[in-house]
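Letters A, B, ... mirror the listed sequences (proteins, then strands); counts begin at 1.
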Amino acid sequence: MTFISVSSRLLSFLLRRRIGTSSCFQSLSIGVVHFHVNDNISKPNSIPHSTHSIPSPHIKLQQYLVQKSKSGFDNLDDALAVFDKMLKLRPLPYDFHFNQLLTALVKMKQYQVAVSLFQEMSSRKIDVDIITFNIAINCCCHSNRVDYAFSLLLSAFKRGFVPDVFTYTTLIRGLLSQHKSAEARLFFTNLIKLNELQPNVVTYSTMINGLCKTGHTEMAIWLFRFMEKSDCKPNTVTYNTVIDSICQHGLVDDALILQSEMMEKGILPDVWTYSPLIRVLCKLNRWEELSLLLEQMIEDMNISPNVHTFTILVDAYAKSGKLDDAKQIIKIMNGRGEYPDIVTYNSLMQAYCSQGQMDEAMVLYRNMECEGLSPTVVTHNILLHGLCQLGKTMEALAFFYKIQELGHKPDIIIYQTLFGGLCKSNYVDKALSFFQTMECNGLIPESKTYNIIICGCLWNKKYNEASKLVHKMVDCGFSADAITTSLLQQILTKVQDPTLLAMHQKCLQSGNYEQ
DNA sequence: TCTGTCTGAA
């Protein structure tokens, strides 16, 4: 089956299933919370089961915090104002309330603020429990301060708290997110050996994900199989983690087998299970299987694609030159209440650019801003690349300056695109001068950066500049890629220049060609 | 009230 027939089948299928937008955006306005301040600083030791004995401001606070810990505060100042009021409230709110406030901050990803509030609570000797510690430890890990997280573990011990499975799972994730996978593995196994940790499905899934992400896929699969034999069975998240990792390695058949396995065991897949599979099937041009999988997902399993899933499809259509189908997908998304975001638009913009429809891409770029979507460095790179591909080098250069005027900092990929465009139009001197600017701006060239500009120099017969850059590149631990090497060899068949020969020698010495 | 996948674009 061809991509075209799958695409029309899929489109009509999605159109048939079009649903209205969700009407669940009800206002959840909460009245102003009034706090009373008195001088009674006594605090009950345990949370009463009946609300009769709880002062009214505490009940309001509880209701407010329950809602805010689910939805998050509108802004940080509101959260801080509530914290200040809580500090003045007498009797002091329960640790439970402070935990809810900290949880709300976590929802807002205000990890460092949460840690500051925890410190403030500690300095004021406000009662906390192991959950407060767990939240603070988690915040440290999210702020890449796993060292501080461990020092909090130590203070928890000192204060007589017994760390639980949440504490240890959080710390294991912290270590893994800091690429300390050996330490995480040691910590995990030692805790089990010492009987300090009875891992639950989250602990195992965390460990498996960390192993996958740090390149220890085999170990991850071993742990996954071990789990299957244990009392703690893998759940949807565990399967999703492993399926995603297998897909990342392009082993879609293994991933599909695992997906069937989970369904046979009665573990329900979700949108996270399907998205990596859809992505890899698109990438491998296995359209027929893609179509079947989408049908299974939407019709059999009643799982609705989300913005990520749709973007994978938009991107697949865009990359196959099916611009109309990509646009059709966006219409379907709107109809289903899944609104395209910046990533979706970037894919669409790329489709316009690859079709040479730069004007359309620019219109989309401007409209997008009207819709409140802010362009990213990726957006700018797509447009810059589009202009360079069309040979509109001066326009590309103007665009490059304009985005900086608008306050966007170019990244290494933007510079690479620019170098490629300039070299292609024989403005290699300009490229070399931008290369210097780039380095002055603190951006460190990567292998690809060097290779692009070296090729540019070679094309333009700037052999001395090319030679200097080859030496610099090799000294930085990079090597010539296949394109640079073959270009060099091609030139050498015609020109027997000693600089070129030395350069070629240097390239050969630098190890395997990077593909 | 606390822990996990968070997938999509250059």
Whole angstroms only, please: what is the CD-P distance between A:Gln248 and B:dC6?
9 Å
Taking CG from A:Asp164 and C1' from B:dG4, how many angstroms apart are they, rounded to a whole number?
15 Å
Contact class for A:Thr132 vs. all strands (heavy atom < 4.0 Å): base, sugar-phosphate, or nothing?
nothing
Can you tell me whether the side chain of A:Asn200 and the base of B:dG4 have a donor-acceptor pair closer than 3.5 Å?
no
Checking only heavy atoms, does the side chain of A:Thr206 share a donor-acceptor pair with the base of B:dG4 at less than 3.5 Å?
no
Separation of B:dA9 C1' from A:Met368 CE (nearest whole Å):
12 Å
Here the distance between atom P of B:dT3 and atom CG of A:Leu176, to the nearest Å, is 17 Å
Assess, by modelled atom type and distance only, whether the side chains of A:Asp95 and A:Thr132 contain a donor and an acceptor separated by less than 3.5 Å.
no
Using a strict cut-off of less than 4.0 Å between a Lys/Arg side-chain nitrogen and an Asp/Glu carboxylate oxygen, indicate whether A:Arg225 and A:Glu261 qualify as a salt bridge.
yes
Winner on side-chain proximity to A:Ser347, out of B:dC2, B:dA9, B:dC6, is B:dA9
Any side-chain donor paired with an acceptor under 3.5 Å for A:Thr344 and A:Asp341?
yes
Kindly say if A:Lys283 contacts the phosphate of B:dG8, meaning a side-chain N or O under 4.0 Å from OP1 or OP2.
no
Counting the benzene-type ring for Trp, do A:Phe434 and A:Phe419 have ring centres under 6.0 Å apart?
no
Sugar-phosphate only, base, or nothing, as touched by A:Thr241 at under 4.0 Å among non-hydrogen atoms:
sugar-phosphate
Touch check for A:Ile413, heavy atoms < 4.0 angstrom, all strands: base, sugar-phosphate only, or nothing?
base
Out of B:dG8, B:dC6, B:dT1, which has the shortest distance to the side chain of A:Asp341?
B:dG8
Per A:His308 side chain, nearest of listed nucleotides B:dA10, B:dC2, B:dG8:
B:dG8
With a cut-off of less than 4.0 Å, is there a side-chain N or O of A:Arg279 near OP1 or OP2 of B:dG8?
yes
Counting only side-chain N and O atoms of A:Arg173, is one of them less than 4.0 Å from OP1 or OP2 of B:dG4?
yes
Does the base of B:dG8 carry an N or O that pairs as donor and acceptor with the side chain of A:Asn306 under 3.5 Å?
no
Which part of the nucleic acid, if any, lies within contact of A:Val307, taking any heavy atom under 4.0 Å across all strands shown: a base, the sugar-phosphate backbone alone, or nothing?
base
With the side chain defined as heavy atoms from C-beta on, A:Asn240 is closest, among B:dG8, B:dA10, B:dT5, to B:dT5
Contact class for A:Thr379 vs. all strands (heavy atom < 4.0 Å): base, sugar-phosphate, or nothing?
nothing
Quick check: A:Tyr345 with A:Tyr352 (ring centres under 6.0 Å apart)?
no
Indicate, with a heavy-atom threshold strictly under 4.0 Å, whether A:Thr169 touches base, sugar-phosphate, or nothing.
base
Atom-pair distance (CD1 on A:Ile382; C1' on B:dA9), nearest Å:
6 Å
Using a 4.0 Å heavy-atom cut-off, does A:Val314 contact any base of the nucleic acid, only the sugar-phosphate backbone, or nothing at all?
nothing
Report yes if at least one side-chain N or O of A:Lys213 is closer than 4.0 Å to OP1 or OP2 of B:dC6; otherwise report no.
yes
Could you check how far CZ of A:Phe161 sits from P of B:dT1, rounded to whole Å?
19 Å
Has the side chain of A:Thr170 got a donor or acceptor atom sitting under 3.5 Å from an opposite partner on the base of B:dT3?
no
How is A:Asp270 classified with respect to the nucleic acid when contacts are heavy atoms under 4.0 Å: base, sugar-phosphate, or nothing?
nothing
Nucleotide nearest A:Val201 (side chain, heavy atoms from C-beta), chosen from B:dA9, B:dT1, B:dG4:
B:dG4
Between B:dT5 (P) and A:Ile303 (CD1): distance, integer Å:
19 Å
So, do A:Phe166 and B:dC2 meet the stacking rule of ring centres under 5.5 Å and planes under 30°?
yes
Proximity to the side chain of A:Val202 - top-ranked nucleotide from B:dA9, B:dC2, B:dT3
B:dT3
Got a salt bridge between A:Lys327 and A:Asp325, using NZ or NE/NH1/NH2 to carboxylate O under 4.0 Å?
no
Could you check which of B:dT1, B:dA10, B:dG8 has an atom nearest any side-chain atom of A:Ile312?
B:dG8
Between A:Thr170 (side chain only) and A:Phe166 (backbone N and O only), is there a donor and an acceptor less than 3.5 Å apart?
yes
Using the ring centroid of each side chain, check whether A:Phe224 and A:Tyr204 are separated by less than 6.0 Å.
no
Nearest-angstrom distance from the residue atom CE of A:Met227 to P of B:dT5
14 Å
pi-stack flag for A:Trp272 and B:dC6, centroid dist under 5.5 Å, interplanar under 30°:
no
Go through B:dT1, B:dG4, B:dA10 for me and flag the one nearest to the A:Ser205 side chain.
B:dG4
Touch class at under 4.0 angstrom, heavy-atom based, for A:Thr344 against every strand present
base
